[in-house]
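Report on the structure given below.
Counting starts at 1 for both ligands and their atoms, in listed order. This structure is a prediction, so every number in the text was calculated from the model and none was measured.
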Amino acid sequence: MSSVEVSAPGKLMFFGEHAVVYGYPCIVTAVDQRVKVSAEVSRDEKLRIEAPDVGLTDYSLEISKLGKKQDFPRGARFVAMAVYNFFNEYNVQSGLRITTQSDFSSEFGFGSSSAVTVAVIKGLSELFGAKIEGRDLFDLSYKTVLDIQGVGSGFDLAAAIWGGTLWFVAGGKTIIPLRTEELPIVVGYTGIKADTPTLIRQVAEKQKKHPDITTKIFEAISLVVQEAKGVLETKNWLVLGELMNLNQGLLDALGVNTRELSSLVCACREAGAYGAKLSGAGGGDCMIALVDEKTKEVAEKAIVNTGGRVLQVKLNAGGVRNESNS
Ligand code: PMV
């Protein structure tokens, strides 16, 4: 095989963000917006990357110069590091032409970097017959993300690999698929791009200053996540909404909520949603609201009227897959 096309889904954090970085569980769901990666073996000894969605065209680098400590441009960082780690791990070296294309903007916080990382490693695994799957794919992808951003639980990689809705503990210590129906969710985007590593560091500062209090907040978040797991199965949306509101209050206490997120969350609650919370690191990006058929449209209008943008996504999407065979 000399070329391959692989796709991986983005994700939404449902419950448990931030606490998951400290070893507590979270619940994440894969969305039907995907990142596609095509990879082709080339004769020259170059890694060429095209990522037009993020304004990167015609980027190339000598394979022999691929190294860990490089300052790759935006759009090339995760691809180049994934290639470097794959080559090292599987003792391969080859010229490559890699193109990435995303169904969604990298601004939304749907985890485009993680989906790209997973798709590149999976693609190379198919190209060079390495057969990396499941846990091995997670471990090499997680190493790649940590090499670049230094922090993170890896929950988004798990969603990109396995898809569906997952119970996840940091570093992939536990990854369990949860059985859920199509959840009636509305997603609102604040219009503000947030930087996840910065927010993780802010919470770490708070942890240092108030270790006992933040630990209690993480423990409370963990209780919310555990209860949410049971309620997801019984489909008691009233209780699930309450749990989302509790989770939102706890995230606010950690200092990652913003005025814009709050406005969208309150607007959805006033529109009759069962509950609403920010989704992801906070500081901007997205919020989610649990609705029913009647309140869905009202909540969507409320998001728009409050200055947000509604993102149409379906949850429980399938994990990484080879698109070349389809
Ligand atoms: O900003 P997002 O959507 O990538 O979510 C970050 C979630 C955190 O728990 C804050 C970080 C992590 O890696 O788990």
Side-chain angles (χ1 to χ4, degrees), residues 8-31 33 35 77-78 102 104-118 138 141-161 165-175 185 187-207 214 217-222 224-225 228 244 247-248 250-258 260-261 264 277-288 311 313 315 317:
K11 55 80 196 141
L12 272 174
M13 179 67 101
F14 204 17
F15 286 100
E17 47 273 89
H18 287 290
V20 65
V21 177
Y22 295 81
Y24 300 93
C26 74
I27 298 175
V28 57
T29 183
V31 298
Q33 307 273 306
V35 168
R77 290 188 304 160
F78 289 88
S102 178
F104 58 90
S105 160
S106 61
E107 309 277 293
F108 293 164
F110 282 173
S112 55
S113 309
S114 296
V116 159
T117 304
V118 165
F138 178 86
S141 304
Y142 191 39
K143 174 180 168 23
T144 302
V145 168
L146 289 184
D147 283 343
I148 299 211
Q149 61 184 38
V151 285
S153 66
F155 78 104
D156 35 11
L157 298 165
I161 294 169
T165 298
L166 303 171
W167 170 270
F168 177 88
V169 180
K173 274 191 214 83
T174 316
I175 304 171
I185 284 254
V187 182
Y189 177 56
T190 54
I192 296 158
K193 168 82 193 131
D195 182 51
T196 301
T198 306
L199 283 140
I200 294 178
R201 289 191 185 102
Q202 277 172 20
V203 172
E205 283 299 310
K206 190 140 291 175
Q207 227 279 339
T214 42
I217 297 174
F218 294 147
E219 284 169 4
I221 291 177
S222 172
V224 169
V225 176
M244 288 170 80
N247 199 160
Q248 170 69 5
L250 293 163
L251 287 164
D252 196 9
L254 287 178
V256 298
N257 191 21
T258 63
E260 292 78 7
L261 281 165
L264 300 189
K277 67 180 276 293
L278 67 87
S279 169
D285 282 349
C286 290
M287 52 71 64
I288 52 177
L311 304 179
V313 293
L315 310 183

Give the atoms of ligand 1, by number and element, whose distance to some non-hydrogen atom of G109 is under 4.0 Å.
3 (O)
Looking at G152, which atoms of ligand 1 are within less than 4.0 Å of one of its heavy atoms?
13 (O)
Between S106 and S112, does any side-chain donor sit less than 3.5 Å from a side-chain acceptor?
no
Starting from atom 11 (C) of ligand 1, find the nearest protein heavy-atom neighbour and note its residue, name and distance.
I200 CD1, 3.6 Å
Taking only heavy atoms of H18 into account, list the atoms of ligand 1 that are under 4.0 Å away from them.
8 (C), 9 (O), 10 (C)
Give a yes/no on ligand 1: does G111 have at least one heavy atom closer than 4.0 angstrom to it?
no
Short side-chain to backbone donor-acceptor contact, K277 and F14, under 3.5 Å:
yes
Starting from atom 3 (O) of ligand 1, what is the nearest protein heavy atom, named by residue and atom, and what distance separates them?
K11 NZ, 2.5 Å
When rounded to the nearest 0.5 Å, the distance separating NZ of K143 from CG of L146 is 8.5 Å
Under a 4.0 Å heavy-atom limit, does V203 contact ligand 1 with its side chain, its backbone, both, or neither?
neither
Looking at G109, is its backbone amide N or carbonyl O close enough to the side chain of K11 to form a donor-acceptor pair, meaning the two atoms are under 3.5 Å apart?
yes
E107 (side chain) donor-acceptor with I192 (main chain) under 3.5 angstrom:
no
Where does the angle between the aromatic ring planes of F138 and F168 fall among parallel (under 30°), tilted (30 to 60°) and perpendicular (over 60°)?
tilted
Which residue and atom name correspond to the protein heavy atom nearest atom 7 (C) of ligand 1, and how close is it?
F155 CE2, 3.6 Å
Does T258 reach the main-chain N or O of L261 with its side chain, forming a donor-acceptor pair under 3.5 Å?
yes
Side-chain donor or acceptor of T117 paired with backbone N/O of S113 under 3.5 Å
yes
Tell me which protein heavy atom sits closest to atom 13 (O) of ligand 1, plus the residue, atom name and distance to 0.1 Å.
S153 N, 2.8 Å
Short N/O distance, under 3.5 Å, between V20 and ligand 1?
no
Against heavy atoms of E17, which atoms of ligand 1 measure under 4.0 Å?
9 (O)
Say whether, by atom type as modelled, one donor and one acceptor occur between the side chain of T190 and the main chain of D285 under 3.5 angstrom.
yes
If you measure from each non-hydrogen atom of V21 to ligand 1, which part falls under 4.0 Å: side chain, backbone, both or neither?
side chain
Give the residue, atom name and distance (to 0.1 Å) of the protein heavy atom nearest atom 1 (O) of ligand 1.
T196 OG1, 2.7 Å
